[in-house]
Student: 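Submitted below is the structure of interest, expressed as structure tokens.
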Amino acid sequence: MICPRCKTENGNRTVCSKCGYYMYRVANQNIAPRTNVERAIDDTKIIGKNVWKVVRIIWIIIVMIVLSFWLIAGLVYLTGGEVLLG
């Protein structure tokens, strides 16, 4: 390959030995066309990952609220209600 930047001959290398330019470019004709079903499957995977992140955050918040309630209820029980009365 000849480097388009510095015109150095590099043989089969994809990175120029002189200037370090990355010469490999993907040609669109070499890529197999994807069907709509394949695109839909990829989109579903991406959306599923994002939904799982949101569900996990909501689950953590719910667990924190429940644990806080149990902690406060336990303190009220142990002190006989003095925590709330002051």
Side-chain angles (χ1 to χ4, degrees):
M1 279 185 149
I2 297 176
C3 176
R5 185 184 288 168
C6 67
K7 308 296 185 225
T8 303
E9 175 60 41
N10 288 293
N12 289 333
R13 294 175 52 120
T14 56
V15 178
C16 180
S17 59
K18 182 176 179 183
C19 68
Y21 183 74
Y22 189 67
M23 296 180 286
Y24 180 75
R25 298 287 182 252
V26 178
N28 288 338
Q29 68 233 16
N30 294 336
I31 298 174
R34 295 176 49 204
T35 64
N36 289 338
V37 173
E38 292 172 335
R39 287 188 195 128
I41 290 171
D42 289 344
D43 291 345
T44 304
K45 288 178 185 177
I46 292 170
I47 292 171
K49 288 178 183 178
N50 291 335
V51 168
W52 174 245
K53 288 178 185 177
V54 172
V55 168
R56 191 170 59 190
I57 291 170
I58 292 171
W59 178 251
I60 290 171
I61 291 171
I62 290 172
V63 168
M64 289 175 64
I65 291 171
V66 169
L67 289 176
S68 298
F69 174 77
W70 284 348
L71 179 66
I72 292 171
L75 286 174
V76 169
Y77 176 76
L78 291 174
T79 60
E82 294 176 10
V83 172
L84 296 176
L85 301 175

Student: For residues E9 and G11, report the shortest heavy-atom separation together with the two atoms involved.
Tutor: OE2-N, 3.1 Å
Student: Kindly write out the residues that satisfy side chain to side chain contact (heavy atoms under 4.5 Å, CB included) with K53, not counting sequence neighbours, or none if the list is empty.
Tutor: N50, R56
Student: Locate the shortest heavy-atom distance separating K18 from T8; write the atom from each residue and the value.
Tutor: CD-OG1, 3.3 Å
Student: Are F69 and L67 connected in a single hydrophobic cluster, I mean Ile/Leu/Val/Met/Phe/Trp/Tyr linked by side-chain heavy atoms less than 4.5 Å apart?
Tutor: yes
Student: Under 3.5 Å, side-chain donor or acceptor atoms of residues 37-47 against the rest of the protein: list the pairs with distances, not counting sequence neighbours.
Tutor:
| from | atom 1 | to | atom 2 | distance (Å) |
| --- | --- | --- | --- | --- |
| E38 | OE1 | T35 | N | 3.0 |
| R39 | NH1 | N36 | OD1 | 3.1 |
| R39 | NH2 | R34 | O | 3.4 |
| D42 | OD2 | R34 | NH2 | 2.3 |
| T44 | OG1 | A40 | O | 2.7 |

Student: With sequence neighbours left out, write down each residue that passes side chain to side chain contact (heavy atoms under 4.5 Å, CB included) with W59, or none if nothing qualifies.
Tutor: V63
Student: Measuring only between side-chain heavy atoms, which start at C-beta, is C6 closer than 4.5 Å to Y21?
Tutor: no
Student: I'd like to check the side chain to side chain donor-acceptor pair (under 3.5 Å) partners of S17; sequence neighbours left out, ordered by chain and number.
Tutor: N10
Student: Could you work out the complete set of other residues in the hydrophobic cluster of Y77, with links drawn between I, L, V, M, F, W and Y side chains under 4.5 Å apart?
Tutor: L78
Student: Identify, with sequence neighbours excluded, every residue that meets side chain to side chain contact (heavy atoms under 4.5 Å, CB included) alongside I58.
Tutor: V54, I62
